[in-house]
Amino acid sequence: MELGLIGLGKMGGNMRERIRRAGHTVIGYDRNPDVADVHSIDELVNKLKGPRVVWVMVPAGVPTQITIDELAELLSPGDVVVDGGNSRWTDDEKHAEQLNAKGIGFVDCGVSGGVWGLENGYALMYGGTPDHVAQVQPIFDALKPEGEVGAVHAGKVGAGHFAKMVHNGIEYAMMQAYAEGWELLEKVDSVTDVREVIRSWQEGTVIRSWLLDLAVRALDEDEHLGKLRGYAEDSGEGRWTVEAAIDNAVPLPAITASLFARFASRQEDSPQMKMVAALRNQFGGHAVESNEK
């Protein structure tokens with residue numbers, strides 16, 4: 001099938017390639033002309049045959065809203081827009097209402113996989129009506145990992161991004177636990193090879209995971225993470241997870257503490273945040289701050 005893809009950054013560019021490898025046609029637009037297939041969203045829409053599917057991979061908030069506004073004027077009844085960025089689920093509901101008023105479908109899709117998704121596939125969590133999801137299904141099938149798991153129709157509009165938000169909240173807490181354990185190991189004199197201790201956990205332990213594998217990879221590149229500043233951003237989903245927990249009276253002490261730990265990292269050079277920053281760089285290509293002068 002044909003797909004229009006808006007936003008060809010670290011995630012979007014690799015997604016375009018994976019979809020093409022599956023035999024589909026992708027017409028991509030990005031503000032960077034060096035990676036774009038067309039020069040404008042208008043040109044992208046005109047090159048697609050109806051009913052069109054346009055996937056949006058731009059930053060949440062104003063950039064997504066501007067893109068949805070433009071697509072609302074360019075697309076036709078029967079077309080479908082997929083928001084695959086990290087939008088807040090409450091924005092999905094507004095975007096669906098805005099597009100549905102013109103007969104245009106809307107699907108929200110939480111995407112996980114970072115810079116590794118091109119080869120490994122992307123975990124997908126999507127929300128929308130069954131008929132709108134069905135229009136996009138060949139693309140979901142192309143992007144997901146091989147096998148029977150890795151993609152889910154999570155529910156109605158907003159469910160995909162809500163599920164991805166909770167996923168990222170859990171990710172915050174897991175990274176924080178690894179970071180705290182690593183700092184404690186580094187602190188004591190009796191443990192003389194922290195990197196190899198953590199490497200030994202990769203097999204046969206209940207805490208083995210892909211994040212642990214990435215921690216070992218980061219330590220292989222910089223054994224004591226001395227080149228990194230202990231500073232880690234939060235991309236929004238952690239805050240939204242805590243806010244949703246408050247709204248629903250659900251206690252999330254571990255996720256909340258991990259979010260606050262990131263705030264603390266902005267006040268000092270936190271050893272734990274060196275590990276969190278290293279992990280975020282490993283799985284998502286997120287920028288790190290150097291500690292080198």
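Basis for what follows: all heavy atoms, side chains included, without hydrogens, waters or symmetry-related copies. One is the number of the first residue; the rest follow in order along the sequence. On a predicted model such as this, the values are computed, not experimentally measured, just so you know.
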Trainee: Give, for atom CG of D42 and atom CG of L71, the distance between the pair rounded to the nearest 0.5 Å.
Mentor: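 Output value for this atom pair is 10.5 Å.
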Trainee: Check each of E243, E93, E237 against R88 using the salt bridge (Lys or Arg N to Asp or Glu O under 4.0 Å) test, and report the only one that passes.
Mentor: E243
Trainee: Could you walk me through whether E17 and R21 satisfy the salt bridge (charged side-chain N to carboxylate O under 4.0 Å, His left out) test, starting with their C-alpha distance in whole Å, then the side-chain angles of each, then the deciding distance to 0.1 Å, before giving a yes or no?
Mentor: CA-CA 6 Å; E17 178 61 23; R21 289 181 184 180; 3.1 Å; yes
Trainee: More than 12 foreign heavy atoms under 6.0 Å from NZ of K10: is that the case here?
Mentor: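 Enclosed: over 12 neighbouring heavy atoms sit under 6.0 Å from NZ of K10.
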Trainee: Please give me the minimum heavy-atom distance between W201 and R208, naming the atom from each residue.
Mentor: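 Residues W201 and R208, closest heavy atoms: O-CB, 3.5 Å.
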Trainee: Would you indicate whether the side-chain heavy atoms of Q65 and H95 approach each other to under 4.5 Å?
Mentor: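 Answer yes - side chains close enough.
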Trainee: Mind listing the closest non-hydrogen atom pair of L44 and G4 along with its distance?
Mentor: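 Looks like CD2-CA, 3.8 Å.
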Trainee: Determine yes or no for a side-chain-to-main-chain donor-acceptor pair under 3.5 angstrom, with H153 supplying the side chain and G128 the backbone.
Mentor: yes
Trainee: Applying salt bridge (charged side-chain N to carboxylate O under 4.0 Å, His left out) to K164 and D108, what does each step give before you reach the verdict?
Mentor: CA-CA 10 Å; K164 176 58 163 46; D108 64 287; over 6 Å; no
Trainee: Taking the side chain as every heavy atom from C-beta outward, state whether R280 and M175 have any atom pair closer than 4.5 Å.
Mentor: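 Side chain of R280 against side chain of M175, heavy atoms only: contact under 4.5 Å found.
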Trainee: Any side-chain donor paired with an acceptor under 3.5 Å for D79 and Q135?
Mentor: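 The answer is no; no qualifying pair exists.
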Trainee: Within the 3.5 Å criterion, strictly below it, is a donor on S87 or D83 matched to an acceptor on the partner's side chain?
Mentor: yes
Trainee: Could you report the tightest heavy-atom contact between N14 and L118, atom names first, then the distance?
Mentor: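 Nearest heavy atoms, N14 then L118: O-CD1, 3.5 Å.
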Trainee: Do L3 and H24 come close enough that some side-chain heavy atom pair is under 4.5 Å?
Mentor: no
Trainee: Flag the pair F140 / V133 as yes when at least one side-chain heavy-atom distance between them is below 4.5 Å, and no otherwise.
Mentor: yes
Trainee: Between T241 and Y172, is any side-chain donor less than 3.5 angstrom from a side-chain acceptor?
Mentor: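 T241 vs Y172: no donor-acceptor pair found between side chains.
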Trainee: Rounded to the nearest 0.5 Å, what separates atom CG in L74 from atom NZ in K102?
Mentor: 9.5 Å
Trainee: Side chain of R262, backbone of M273: donor and acceptor closer than 3.5 Å?
Mentor: no
Trainee: Mind checking whether L124 and V111 have side chains closer than 4.5 Å, heavy atoms only?
Mentor: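 Yes; the side chains approach each other to less than 4.5 Å.
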Trainee: Determine whether D193 and E223 make a side-chain contact, defined as any pair of heavy atoms from C-beta on separated by less than 4.5 Å.
Mentor: yes
Trainee: Do Y29 and K47 have side chains that get closer than 4.5 Å, going by heavy atoms?
Mentor: no
Trainee: Give a yes or no on whether the backbone of P253 and the side-chain of T256 come within a donor-acceptor separation of less than 3.5 Å.
Mentor: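 No, because the side chain of T256 does not come within donor-acceptor range (under 3.5 Å) of the backbone of P253.
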Trainee: Is E43 atom CD crowded by more than 12 heavy atoms from other residues, nucleotides or ligands, each under 6.0 Å away?
Mentor: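 Above 12, so yes.
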Trainee: Yes or no on salt bridge (charged side-chain N to carboxylate O under 4.0 Å, His left out) for R20 and D37, after CA distance, side-chain angles and deciding distance?
Mentor: CA-CA 13 Å; R20 284 176 173 171; D37 301 315; 2.9 Å; yes
Trainee: If we only count heavy atoms from C-beta on, is the E186 to K274 side-chain gap below 4.5 Å?
Mentor: no
Trainee: Go through the steps to decide whether E97 and K94 satisfy the test salt bridge (charged side-chain N to carboxylate O under 4.0 Å, His left out), and finish with yes or no.
Mentor: CA-CA 5 Å; E97 182 178 357; K94 292 186 292 184; over 6 Å; no
